Structures are given as C-alpha cells and as structure tokens.
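Heads up: the structure comes next, in structure tokens.
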Amino acid sequence: MIRVCAVHPTSIAAELGLREGTELLSVNGRLLDDFLDWEFLTADEEFVLHVRQPDGEEIEYDIERPLGEPMGVSLDPPRIRRCANRCDFCFVDGLPAGLRDVLYIRDDDYRLSFRYGNFATLTNLKPHDVQRIIEYRLSPLYVSVHATDPTIRRYLLRNPTAPEILPQLQDFAEHGIEFHTQIVMSPGVNDGPVLRQTLSDLYDFGSSILSCSVVPVGLTEFSKHHLVREPTAEECRAAVALVEQHAQRCRRERGASWAFGADELYLRANLDLPPAEHYDGFDQVENGVGAVRWLQQRIESAPLALAAWADRRIGVVTGTAMAKLMPLVLRPLEESTGSRFELIPVVNSLFGSTVTTAGLLPGAALQEALRGRTDLEMALLPGESLNDDDLFIDGMSLELLQATLPMKLYPSKDFVDVLEAPLAA
Ligand code: SF4
C-alpha cells in the first residue's frame with residue numbers, strides 16, 4: 001500500500017476524487033509496495049486501480065488515459081532500506097551527536113540508486129528485490145563496488161555475508177541492467193594492487209559497466225580514525241596514475257574514458273584536473289567526479305543575464321575543497337560581468353576542518369563567515385548544503401540565516417541557476 005500525500009488540482013487523480021490520505025492498494029490486482037510499483041504498473045494507457053479512501057471506502061477505477069499523461073499524485077516518501085554493512089569510513093559514524101534523527105539512518109537502497117543515482121552496495125537485496133530490478137529494468141544502477149576481491153570487499157563493508165559482487169552484477173547484466181560503479185579508496189586496504197585488480201576486473205566485465213570512479217575516503221573528526229585513515233598525496237597520485245592508465249586504454253579500445261578519479265582525488269594528489277572532454281557525459285558529476293569542469297562548461301554555455309550582474313560585489317561561499325578550484329570558475333565570470341566575485345572558503349565548524357565539502361557546511365559556519373559583511377550586496381551559498389526544507393545540516397533554516405545577515409542570500413547549485421535569472425532589485 002502507498003499513501004497519497006498530495007494531488008495536483010487539474011489531474012486525472014483529482015478528477016477521480018483521489019486526495020491526501022487515499023491509499024493506493026493495487027493495480028491490475030498487483031499489490032503496490034512503493035513508488036516503483038506505482039510508476040511501472042501504471043505506465044500503460046489502461047489499468048484497474050484499487051484504492052481505499054480516507055473514510056475507509058474502497059473503490060476500483062477502470063482508468064484509460066492518454067499515454068504519458070501523469071496521474072498527478074505525490075506519494076509519501078518510501079520507507080528507507082537500511083544498510084546491512086558497517087564500513088569503517090561510514091559517514092554516519094562521522095556525525096556529531098545531536099543532529100536530526102534522519103541523518104543517522106544508514107540507507108542502502110537500490111530504488112534510490114535507480115531514481116537519484118545514490119550509490120548502493122546491493123548487499124541487502126532480497127529475492128523479491130532482484131526480481132523487481134529485472135522486471136522493471138532498473139538501469140543504470142549506481143553500485144559501490146570498492147573491491148572485486150570478495151574477502152577485501154567484505155572487510156571494507158564489515159559484512160562477512162556480503163555476496164560476491166561480480167557474479168551479482170553478472171546476473172543483472174544478463175538481463176540488460178547496466179551500472180555506474182564507484183570505488184571508495186581506503187588506503188592500505190583497496191588501493192595499490194587491489195585497486196589495479198578491481199579496475200581491471202570491472203573493465204574486463206564488459207560494456208554493462210558504464211563507468212568506474214575512484215573516490216578517496218573522506219572522514220570527519222568523529223570518524224573511526226583508529227580503524228581507517230585518509231590517503232596521503234602520494235597514495236592519491238598512485239591512484240590517479242592507475243585510473244588514467246585505464247582511461248587511456250578504454251579511450252583506445254572503446255572510445256570513452258570509463259575510469260575517473262573524483263575531483264577530490266586530484267585535489268589531494270595536488271594534480272591538475274583533466275579537461276572537460278575527459279569526463280564523457282559527466283555521468284558521475286553528482287559523485288564529485290568532474291564537478292569543476294562541469295561547472296565551467298555549464299557557465300560557458302548558458303545564456304546568462306550577465307548584464308544584470310555588472311558592478312556588483314558578490315560573495316561566493318564554499319567549502320575549503322572547492323575553494324582551491326573555484327578561481328577556475330570565478331575568473332571568467334569576473335571578466336564577463338565586471339563584478340567582483342569574492343571567494344569565501346568556510347571551514348566546517350561542525351565536523352572539523354578535514355571535512356571540506358560545501359554540501360556539509362552548517363548554517364552556523366556560514367553565518368560566522370558572512371557576519372558583518374556589509375560590503376557585499378549578495379552571497380551565493382552552496383545549494384547542496386540545504387535539504388528540501390531549506391535546512392542546513394545543523395538544523396538552521398535559510399530563513400533564519402537570511403534574517404541575521406546584511407546581504408541577500410542566493411542558494412545556488414551551479415551559479416547558472418542564479419546567473420541566468422534577472423536579479424531581484
Ligand atoms: S554501505 Fe557503508 S558507508 Fe554506506 S551507509 Fe552502509 S555502512 Fe555506511
């Protein structure tokens with residue numbers, strides 16, 4: 001059963017009388033478990049929908065609708081699939097106490113992997129899940145492989161019963177499922193020869209594996225430092241060398257890079273990022289792979305309302321990781337607008353200075369960095385540091401932050417979202 005949480009007023013669902021609280025029970029006699037069932041089982045032009053209204057009345061509708069016309073319902077969020085692993089580098093272990101409960105949930109959900117590109121380990125799949133992945137053709141999936149050697153992978157995941165990943169991927173690949181993969185590199189465990197082997201195994205697997213990224217393990221001051229450490233610059237350089245060897249080979253043999261290092265890997269290695277062409281279709285940009293080059297490209301190619309941005313003083317707030325690369329993006333913007341874009345790198349006061357990503361900046365740190373800056377007309381904030389309710393990770397709201405600061409705040413995912421819109425006076 002799935003519960004409706006909102007109905008679009010001019011939709012088929014509204015015409016039928018579905019409303020907030022309506023329970024969607026089955027389609028063509030098949031019980032509905034979650035949004036995947038709903039989307040896949042209602043994809044046809046005709047189907048029978050069985051619902052229970054909030055007053056308890058059960059109704060069956062024979063639905064005919066033009067193909068592609070949405071039903072117009074929003075559903076309650078799905079119950080999160082809990083993770084079966086206990087990785088030493090798990091971000092949840094690196095959280096300080098006292099944050100919102102939802103942040104402490106270890107999720108590992110193939111449905112969100114398909115829908116949003118979240119990485120999943122596939123270690124918690126039940127036979128029913130396997131069937132659904134195949135029946136609904138959930139492809140591509142984003143899979144955390146980490147190591148193809150089963151013993152090393154089980155060690156990394158701290159899960160002695162984790163199934164072997166290559167046969168698991170093979171079963172899905174035989175049904176046409178494709179994968180983007182990642183290797184979170186934990187030095188001394190899955191770098192060096194293990195990384196070489198993993199990259200080779202995944203490459204040799206064939207065309208069902210669309211890409212493979214290597215991401216250095218990231219820890220906070222609360223992480224299990226007695227069990228895991230971050231890689232050194234030298235270890236990151238060695239990993240980049242392996243990645244680039246595979247990318248070269250793949251470009252020769254398949255005409256695509258296929259293997260990628262996360263921007264963070266290059267940063268830690270003190271190496272220049274590859275050019276934009278290296279990143280194929282930027283398939284793993286949400287995973288921090290090619291994010292800077294993607295941003296540059298996006299700014300260069302977007303029709304920006306640059307005139308509106310002339311002669312302004314704009315603060316650009318980011319984490320300390322991107323701060324090193326941000327001049328690559330801001331310099332051309334300054335040249336084309338004549339405005340001053342002042343980079344404001346913010347140290348993470350919640351997780352400690354080792355957490356350098358902009359997405360985890362707490363509102364309190366942004367407040368501190370921008371307090372009293374009456375010289376700035378506006379500040380661009382990293383959009384990824386806010387959740388859907390406009391809350392920062394420490395629970396501060398954007399509204400509250402705005403009320404305490406003298407300049408206008410613009411959360412931005414990629415600059416273009418703000419720059420292409422004319423500015424509010
Ligand atoms: S797979 Fe590992 S890192 Fe991911 S949620 Fe589970 S324990 Fe944490």
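These values consider heavy atoms only, across backbone and side chains, with no hydrogens, waters or symmetry-generated copies. All figures in this text were calculated on a predicted structure; none of them were measured in a lab. Remember, it's 1-based here, ligands and their atoms both numbered in the order they're listed.
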Side-chain donor-acceptor pair present, [X], [Y], cut-off under 3.5 Å:
X	Y	answer
Q182	N287	yes
T121	N85	yes
T148	Q197	no
Y266	D272	no

Review point. Using a cut-off of 2.8 Å, how many protein N, O or S atoms lie below it in distance from atom 6 (Fe) of ligand 1?
Key: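 If we list every protein N, O or S atom nearer than 2.8 Å to atom 6 (Fe) of ligand 1, we get 1.
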
Check your understanding: Can you say whether the rings of W258 and H246 are parallel (under 30°), tilted (30 to 60°) or perpendicular (over 60°)?
Key ->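 It falls in the tilted class, 30° to 60°.
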
Check your understanding: Excluding sequence neighbours, so at least two apart, what forms salt bridge (charged side-chain N to carboxylate O under 4.0 Å, His left out) with E342?
Key ->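 Here the qualifying residues are R340, R373.
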
Review point. How about atom 2 (Fe) of ligand 1: does it have a protein heavy atom within less than 4.0 Å?
Key: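 Flag for atom 2 (Fe) of ligand 1 set to true, protein heavy atom closer than 4.0 Å.
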
